[in-house]
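Here's the structure, in structure tokens; my notes come after.
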Amino acid sequence: MTATPHRPHDGVFDVAVIGGGIVGAAIARDLSGYDLAVALLEARDDVGDGTSKANTAILHTGFDAKPGTLESELVARGCRLLGAYAEATGIPVERTGAILVAWTGEELEALPGLKEKAEANGYERCRIVGPDEVYRDLPDLGEGALGGLTVPDEAIICTWTTNLALATDAQQRGATLLLRHAVTGIDERDEATTLHTAAGDVRARWVVNAAGLGADHVDRLFGHDRFTVTPRRGELFVFDKLARPLANKIILPVPSSRGKGVLIAPTVYGNVMLGPTAEDLTDRTATATSEEGFDFLLAKGARLMPRLLAEEVTAGYAGLRAAIDHPDYLIETEPQQRYVLVGGIRSTGLTAGMAIAEHVRGLLADAGLAMRARETLPEPPRMPNIGEASPRPYQDAGLIARDPAYGTLTCFCERVTEGEIRDACHAAVPARNLDGLRRRTRAMNGRCQGFYCGAAVAALYERHHTHDGCHHHSGDDR
Amino acid sequence: MTHQPPLTTPDVLVIGAGPAGLTAAADLAPGQAGTVLVVDREPAAGGVPRHSDHTGYGLRDLRRVLSGPAYARRLVDRAAAAGAEIRTRTTVTGWSGADTVEVTSPEGRYRIRARAIVLATGARERPRTARRIPGDRPEGVLTTGQLQNLVHLHHRPVGRRAVIVGGELVSWSAALTLREAGCTPALMISEHPKAESYAAFNAAGRTALRVPVATRTRVTRIIGKNRCEAVEIEHLDTGRRRTVACDTVVFTGDWIPDHELARAAGLTLDPGTLGPLTDTALRTSSPGVYAAGNLLHPVDTADIAALDGRHVAEQVRRHLSGEREPAEGVPLIADAPFRWIAPQILRPGDPAPPHGRLLLWTDTFVRFPRITVRQDSGTVTTRRLPWPAAPGRAFRIPSAVLNGVSPTGGPVHIGVQ
Ligand SMILES: Cc1cc2nc3c(=O)[nH]c(=O)nc-3n(C[C@H](O)[C@H](O)[C@H](O)COP(=O)(O)OP(=O)(O)OC[C@H]3O[C@@H](n4cnc5c(N)ncnc54)[C@H](O)[C@@H]3O)c2cc1C
Ligand SMILES: Cc1cc2nc3c(=O)[nH]c(=O)nc-3n(C[C@H](O)[C@H](O)[C@H](O)COP(=O)(O)OP(=O)(O)OC[C@H]3O[C@@H](n4cnc5c(N)ncnc54)[C@H](O)[C@@H]3O)c2cc1C
């Protein structure tokens with residue numbers, strides 16, 4: 001197996017975090033703020049290549065969470081933490097607000113209850129509005145809306161940049177990023193736990209399992225049998241940017257027992273998305289989209305906003321939520337094993353990630369891991385802006401004057417410049433394949449999907465990418 | 001707000017240096033006292049023919065047959081020799097006024113204001129995602145545009161065994177390119193019923209290329225985690241499905257104009273072509289803004305785009321010399337099986353459309369088309385044409401069929417029997 005460019009890891013880490021999604025990256029970053037040697041192990045050749053890359057990217061207020069649960073607490077806190085972190089690092093966020101729309105009498109009657117629930121969750125700013133106000137904010141909504149509940153603080157965010165910022169920050173604070181390190185076995189000893197991976201063993205005194213869809217498998221390696229992850233597929237359509245004026249707010253359905261339901265939301269890249277579906281599967285790699293899923297979404301879309309369906313679809317994708325048979329996040333410590341399970345982070349982990357990290361740090365401290373906050377920490381990384389709400393490099397005259405590579409557009413649809421592609425190849429956590437490049441720059445994510453730019457982007461990538469021993473092609477070692 | 005980026009003010013701005021834009025510029029530049037500026041976002045001018053490295057270009061405009069790249073070079077040279085300025089790597093990113101655009105280039109960010117603007121931004125193929133085809137998202141799924149870019153401009157490998165989706169002219173272009181790149185076009189699939197629907201060129205093409213064609217068939221799924229492994233296809237009549245192994249899938253045809261700028265300007269679009277609505281003088285709904293080429297008719301051959309360019313040049317000259325407001329006109333409407341017609345407005349006093357032809361797109365094959373022109377519940381004319389109307393390529397009819405139309409009457413319907 002290939003070597004990695006990172007610090008040798010034959011020593012013993014204080015903490016090994018398994019899983020380089022939002023949750024694992026947030027935990028690794030948080031712990032690296034203390035005098036701990038931290039390793040972040042990720043099975044794939046990039047961070048954020050699992051559930052964290054394919055969600056609806058909403059920064060939830062947590063207004064509709066089940067009051068009193070750990071999830072409700074961590075979502076509300078995570079929303080504030082990530083909001084502030086986004087400002088510090090430049091993760092694209094847009095404070096669009098949401099309207100939860102009632103289409104039936106029954107749904108209308110549910111609104112006051114939802115408002116009370118929001119208040120029980122500490123969120124006081126919901127308002128019940130009539131159809132006039134709904135249509136004033138959303139003139140292109142389909143006919144027949146009876147009323148709504150406004151949630152002024154729901155926001156949209158860039159999930160890719162969030163994951164990258166957290167991982168980059170962790171690394172800059174001294175954590176060791178171990179890509180292509182799928183944990184396949186463990187050995188518990190008194191002094192340390194050995195994690196077996198195809199890329200070599202990693203030893204650590206404490207282990208945090210944040211393996212998302214794989215968390216139950218890892219948990220079994222520790223000898224537990226307490227839960228099973230059910231991959232709950234969510235399929236989505238992303239519509240062309242030209243559709244963005246149709247939906248300047250998040251349009252939420254009234255939640256049902258099946259989950260949050262199908263929504264229409266703007267994206268920070270200037271698109272509009274429709275989805276997700278919710279379908280329980282058994283195959284944890286089944287991230288394909290399906291005919292049934294598409295038909296379902298189109299039927300929903302035809303009701304919610306018929307005009308949207310006349311726009312072109314830019315992308316369709318599916319993400320898998322790590323659903324479990326337990327009504328709350330399953331975060332548990334096994335002090336005698338020096339092990340923490342972070343499981344069942346279903347559909348709110350993007351928002352809650354940083355709060356989960358704080359919570360896990362508290363659990364580790366309670367369980368006896370001694371740690372002291374480091375006196376000086378590097379500044380959080382300043383991430384490249386790939387959102388539409390603030391100026392992008394192609395719009396920045398001063399930047400182009402200093403470096404014409406930012407004036408050379410390579411991906412026309414998404415207006416990605418040569419400078420940004422170059423930078424993504426040389427970043428602290430660099431793109432290791434074209435998909436990684438897409439997530440860092442948006443290149444090839446646009447309406448032409450590579451008709452014009454695909455070959456040019458690939459050529460630029462070939463020229464710039466760092467040969468650090470990691471493979472080019474997206475891989476999955478699990 | 002912050003200060004405005006610097007301003008450049010040519011007389012005429014042509015956006016897009018493909019056959020349409022370059023031909024317009026070559027025609028306008030010599031007679032034009034001021035300047036004609038052509039901008040293109042690509043590193044080199046020439047448009048799509050630049051990366052379409054096979055013969056078949058230039059018949060109707062240059063009256064010779066050239067390869068795409070040779071044709072592109074010739075058009076670039078002519079425009080430059082005529083005195084037009086061509087700026088490449090220069091992308092129009094938006095409008096800051098009805099006559100002013102914003103651009104980004106390595107030289108900087110600036111604005112261009114012109115007395116006349118010609119939009120010639122071309123058309124592209126709908127990729128798999130826009131066709132809403134489910135399945136995995138592996139590598140190896142391309143459009144012809146991307147395939148030809150890869151092979152001809154970047155000399156990169158493609159796979160070994162390809163399925164071509166679509167039975168248009170461009171689909172055969174894709175087959176040629178695949179062959180050249182050492183990739184076997186294993187199957188071409190088309191939703192149309194008969195091999196005839198591809199008409200003469202394709203019969204020849206089929207023999208030369210020996211690509212098996214599955215008709216009345218559509219793609220229902222893409223299979224493969226990292227690299228494409230197969231596609232699932234369905235016969236439209238029997239509903240029978242099967243998978244075809246391939247490491248490459250090329251989605252060809254199914255065009256959409258690059259209308260982002262047209263939409264951003266708020267130009268009225270034609271619901272059929274999705275390009276700007278134009279009259280036979282190629283005026284858009286915004287005074288001083290013209291359009292030409294595949295932006296108007298997605299898609300026709302390069303020489304037809306070039307003839308649009310020549311046509312629009314004359315109209316731009318008239319505009320610059322202070323032409324009066326155009327008269328009210330009548331809309332031209334394509335009846336089924338036609339999907340669209342271009343241009344879409346006939347005004348009294350206006351010239352015939354480019355090349356004296358109306359362009360249409362048919363959804364079904366009609367071997368012996370009899371064109372009917374109807375207005376106000378009467379038939380204006382019927383005309384037998386000696387060439388078939390075939391899906392997958394533009395159908396041209398002489399604009400003389402409109403001779404009896406009343407410019408003050410109701411909408412004109414164009415159909416086929
Ligand atoms: C359709 C959909 C919509 C959603 N919408 C939202 C939303 O709007 N807002 C929101 O806040 N949340 C949303 N979510 C939820 C959010 O995406 C997830 O909660 C979050 O991404 C979970 O992050 P994670 O780090 O737990 O998991 P992941 O991102 O899956 O990370 C786990 C990582 O562990 C790695 N791994 C697994 N097994 C091993 C092993 N044995 N060894 C090493 N590494 C391993 C995997 O490769 C993976 O990278 C949505 C989810 C979906 C599917
Ligand atoms: C694969 C393929 C094979 C073909 N084979 C043949 C053939 O054999 N024979 C034939 O006659 N025709 C062929 N055609 C059709 C022919 O290429 C087109 O008809 C012709 O190129 C259309 O010319 P155009 O000027 O309208 O647009 P294009 O050639 O598409 O040029 C449009 C130009 O506008 C530029 N542009 C767009 N937006 C902007 C912006 N915002 N700012 C700056 N620049 C912009 C683009 O970069 C592009 O260079 C083929 C087409 C394809 C795709």
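Only a predicted model underlies this, so the values are computations on that prediction, with no experimental measurement involved.
In the displayed structure, B:R241 atom CZ is contacted under 6.0 Å by more than 12 heavy atoms of other residues, nucleotides or ligands.
Looking at A:A401, neither its backbone nor its side chain comes within 4.5 Å of chain B, counting heavy atoms on both sides. For a residue to count as touching a neighbouring chain, one of its non-hydrogen atoms must lie under 4.5 Å from one of that chain's; by this rule B:R132 touches chain A with backbone and side chain alike. For B:R137, the part lying near chain A is the side chain, with the backbone staying farther off; criterion is any non-hydrogen pair under 4.5 Å. Of the two parts of A:A318, neither the backbone nor the side chain holds a non-hydrogen atom closer than 4.5 Å to a non-hydrogen atom of chain B. Looking at A:F294, only its side chain comes within 4.5 Å of chain B, counting heavy atoms on both sides. With a 4.5 Å cut-off on non-hydrogen atoms, A:E312 touches chain B through its side chain but not through its backbone. For a residue to count as touching a neighbouring chain, one of its non-hydrogen atoms must lie under 4.5 Å from one of that chain's; by this rule B:L274 touches chain A with the side chain only. With a threshold of 4.5 angstrom between heavy atoms, B:H51 does not approach chain A through any atom at all. With a 4.5 Å cut-off on non-hydrogen atoms, A:Y452 touches chain B through its backbone and its side chain both. For a residue to count as touching a neighbouring chain, one of its non-hydrogen atoms must lie under 4.5 Å from one of that chain's; by this rule A:Q395 touches chain B with backbone and side chain alike. For a residue to count as touching a neighbouring chain, one of its non-hydrogen atoms must lie under 4.5 Å from one of that chain's; by this rule B:Q148 does not touch chain A. For B:R131, no part sits under 4.5 Å from any heavy atom of chain A, backbone or side chain. Within the 4.5 angstrom heavy-atom criterion, atoms from both the backbone and the side chain of A:E311 approach chain B. Both the backbone and the side chain of A:A458 have a heavy atom closer than 4.5 Å to some heavy atom of chain B. Interface residue B:T129: backbone and side-chain heavy atoms are both found under 4.5 Å from chain A. Proximity to chain B (any heavy atom under 4.5 Å) is shown, for A:T287, by both the backbone and the side chain. Contacts of A:L298 with chain B are made by side-chain atoms alone, with heavy-atom separations under 4.5 Å and no backbone atom involved. Only the side chain of B:R263 comes within contact range of chain A, with heavy atoms under 4.5 Å apart. With a 4.5 angstrom heavy-atom cutoff, B:I133 touches chain A only via backbone atoms.
When A:S290, A:A455, A:A315 are compared by the number of non-hydrogen pairs under 4.5 Å with chain B, A:A455 comes out ahead. When each of B:E107, B:E42, B:R221 is scored by its heavy-atom pairs under 4.5 Å with chain A, the top score falls to B:E42. Chain A forms more heavy-atom pairs under 4.5 Å with one residue of B:T93, B:T91, B:D136, B:L150 than with any other, namely B:T93. Per-residue heavy-atom pair counts under 4.5 Å with chain A were compared for B:R156, B:R227, B:H259, and the maximum is reached by B:R156. Counting heavy-atom pairs under 4.5 Å between each of A:G419, A:A397, A:A456, A:G293 and chain B puts A:A456 at the top.
Classification of A:R415 and B:E102 as a salt-bridged pair fails, no side-chain N sitting under 4.0 Å from a carboxylate O.
The main-chain N or O of A:C453 is never found under 3.5 Å from a side-chain atom of B:N149 such that the two would form a donor-acceptor pair.
Put simply, CG on A:L242 and CD on B:E260 are 6.0 Å apart, with the number rounded to the nearest 0.5 Å. If you take CG on A:N433 and CG on B:N226, they are separated by 9.5 Å, rounding to the nearest 0.5 Å. The distance from the SG atom of A:C448 to the CD1 atom of B:I256 is 12.0 Å, given to the nearest 0.5 Å. The line from OG1 of B:T220 to CD of A:E291 is 6.0 Å long, rounded to the nearest 0.5 Å.
Looking at every heavy atom in both residues, A:T408 comes nearest to B:P106 through OG1-CG, 3.3 Å. Of all the heavy atoms in A:A459 and B:H154, the pair that sits closest is CB-ND1, 3.5 Å. Nearest heavy atoms, B:T104 versus A:Y394: OG1-O, 2.7 Å. Taking every heavy atom of both residues into account, A:A288 and B:K225 meet most closely at N-NZ, 4.5 Å.
By the 4.5 Å heavy-atom criterion applied to side chains, B:R124 and A:R447 are counted as neighbours.
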